[in-house]
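Heavy atoms only: backbone and side chains are in, while hydrogens, waters and symmetry mates are out.
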Amino acid sequence: QVQLRESGGGLVKAGGSLKLSCAASGQTFSHYTLGWFRQVPGKKREFVAGISWNADSAIYGDNAKGRFIISRDNAQNRVYLQMNSLEPEDTAVYSCAADLGPLSPEGLLYDIWGQGTQVTVSS
């Protein structure tokens with residue numbers, strides 16, 4: 001099975017940028033749909049971005065469109081989330097996820113999850 005580990009979170013000021021990275025181990029994720037989700041304590045997990053296995057398609061949640069960019073490097077078994085124009089409401093734990101099914105914003109369809117990385121945006 002694929003194991004996922006996120007990195008790159010931290011504290012940034014509003015308007016700043018941050019690039020998250022998710023590294024896979026145990027198995028290549030070349031054939032997996034990949035996604036980024038975020039969650040705050042006590043709130044429902046929110047879809048941020050997803051990318052198909054061959055990177056021919058990408059989708060974004062309304063919270064991310066126009067500000068964030070998802071990309072992947074299958075040779076390095078990594079997926080990235082470039083986050084620009086960050087706002088305090090972007091504060092959350094960001095997790096990457098993998099699934100062998102088609103590209104989807106539905107978190108319940110993803111089988112493999114990382115532990116997440118904290119992003120905090122100050123005003």
Side-chain angles (χ1 to χ4, degrees):
Q1 291 185 328
V2 173
Q3 294 86 47
L4 305 175
R5 179 178 58 83
E6 303 92 342
S7 61
L11 175 64
V12 298
K13 289 186 175 182
S17 297
L18 205 60
K19 188 173 185 178
L20 306 183
S21 177
C22 176
S25 62
Q27 182 65 267
T28 177
F29 65 26
S30 295
H31 299 293
Y32 284 78
T33 293
L34 298 173
W36 285 96
F37 296 80
R38 68 187 188 186
Q39 190 171 24
V40 298
K43 300 295 183 180
K44 182 181 178 181
R45 183 170 55 208
E46 184 179 31
F47 174 74
V48 178
I51 189 166
S52 63
W53 73 271
N54 60 356
D56 66 346
S57 297
I59 56 173
Y60 296 90
D62 290 340
N63 56 77
K65 193 171 185 179
R67 298 189 299 130
F68 298 174
I69 301 171
I70 187 171
S71 61
R72 68 189 294 167
D73 184 341
N74 287 345
Q76 298 296 322
N77 264 355
R78 287 183 178 270
V79 61
Y80 304 93
L81 184 68
Q82 177 66 51
M83 309 168 67
N84 301 314
S85 301
L86 285 164
E87 302 169 346
E89 53 263 43
D90 295 315
T91 296
V93 174
Y94 285 72
S95 300
C96 63
D99 178 54
L100 285 171
L103 184 60
S104 172
E106 176 52 62
L108 292 176
L109 297 179
Y110 290 77
D111 299 315
I112 303 169
W113 293 82
Q115 292 184 337
T117 185
Q118 177 71 46
V119 172
T120 302
V121 184
S122 65
S123 60

K.L.:
Taking the side chain as C-beta and beyond, is there a heavy-atom pair between I69 and Y60 under 4.5 Å?
P.N.:
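Sidechains of Y60 and I69: in contact.
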
K.L.:
Just so I know, are the side chains of T33 and Y110 near enough to count as touching, which here means a heavy-atom distance under 4.5 Å?
P.N.:
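SC-SC contact between T33 and Y110 confirmed.
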
K.L.:
Just verifying a value: how many Å separate D99 CG and I112 CD1, rounded to the nearest 0.5 Å?
P.N.:
8.5 Å

K.L.:
Give me the atom names and distance for the closest heavy-atom approach of Q115 to V93.
P.N.:
O-CG1, 4.3 Å

K.L.:
Do W36 and F68 make the cut of ring centroids closer than 6.0 angstrom?
P.N.:
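No - the distance between ring centres of W36 and F68 does not fall below the 6.0 Å cut-off.
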
K.L.:
Does V2 belong to the same Ile/Leu/Val/Met/Phe/Trp/Tyr cluster as L100, with side-chain heavy atoms less than 4.5 Å apart forming each link?
P.N.:
yes

K.L.:
Do L103 and I70 share a hydrophobic cluster (ILVMFWY, side-chain heavy atoms under 4.5 Å, transitive)?
P.N.:
no

K.L.:
Does CD belonging to Q76 count more than 12 external heavy atoms closer than 6.0 Å?
P.N.:
no

K.L.:
Which heavy-atom pair separates G114 from S95 by the least distance, and what is that distance?
P.N.:
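Scanning both residues, the minimum pair turns out to be O-OG, 4.1 Å.
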
K.L.:
Can L81 be reached from L18 by stepping across I, L, V, M, F, W or Y side chains whose heavy atoms are under 4.5 Å apart?
P.N.:
yes

K.L.:
Can you name the closest pair of heavy atoms from V79 and S71 and give their distance?
P.N.:
CG2-O, 3.1 Å

K.L.:
So which atom in E106 and which in L108 form the shortest heavy-atom distance, rounded to 0.1 Å?
P.N.:
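Here E106 and L108 meet closest at OE2-N, 3.0 Å.
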
K.L.:
For D56, does the CG atom have more than 12 heavy-atom neighbours from other residues, nucleotides or ligands under 6.0 Å away?
P.N.:
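Enclosed: over 12 neighbouring heavy atoms sit under 6.0 Å from CG of D56.
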
K.L.:
Could you measure the distance from the CD atom of Q82 to the CG atom of L20? Nearest 0.5 Å is fine.
P.N.:
8.5 Å

K.L.:
What are the two closest heavy atoms between E6 and Y94, and how far apart are they?
P.N.:
CG-O, 4.0 Å

K.L.:
Tell me whether V119 is reachable from F47 by hopping between hydrophobic residues (I, L, V, M, F, W, Y) whose side-chain heavy atoms are closer than 4.5 Å.
P.N.:
no

K.L.:
Do the ring planes of F37 and W113 sit parallel (below 30°), tilted (30 to 60°) or perpendicular (above 60°)?
P.N.:
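The rings of F37 and W113 sit tilted, inter-plane angle from 30° to 60°.
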
K.L.:
If I take atom CG from residue N63 and atom CD from residue E46, how far apart are they, to the nearest 0.5 angstrom?
P.N.:
4.0 Å

K.L.:
Please round to the nearest 0.5 Å and tell me the distance separating atom CZ of R38 and atom CZ of R45.
P.N.:
14.0 Å

K.L.:
Specify the closest pair of heavy atoms between Q39 and K43, including all atoms of both residues, with the distance to one decimal.
P.N.:
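Looking at all heavy atoms of both residues, the shortest contact is NE2-O, 2.9 Å.
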
K.L.:
Taking the side chain from S21 and the backbone from G8, do they hold a donor-acceptor pair closer than 3.5 Å?
P.N.:
no

K.L.:
I want to check something: taking the side chain as every heavy atom from C-beta on, are P105 and I59 in contact at a cut-off of under 4.5 Å?
P.N.:
yes

K.L.:
Any side-chain heavy atom of N74 sitting closer than 4.5 Å to one from T28?
P.N.:
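A side-chain contact is absent here, since even the closest heavy-atom pair is not under 4.5 Å.
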
K.L.:
Working to the nearest 0.5 Å, report the span between CZ of R67 and OG of S85.
P.N.:
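Going from the CZ atom of R67 to the OG atom of S85 covers 7.0 Å.
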
K.L.:
Heavy-atom distance under 4.5 Å between the side chains of S7 and T117, does that happen here?
P.N.:
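S7 does not reach T117 side chain to side chain.
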
K.L.:
Hey, could you give me the CZ/CG distance between R78 and L4, rounded to the nearest 0.5 Å?
P.N.:
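Here the interatomic distance stands at 11.5 Å.
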
K.L.:
Do L86 and K13 come within less than 4.5 Å of each other through their side chains, counting heavy atoms only?
P.N.:
no

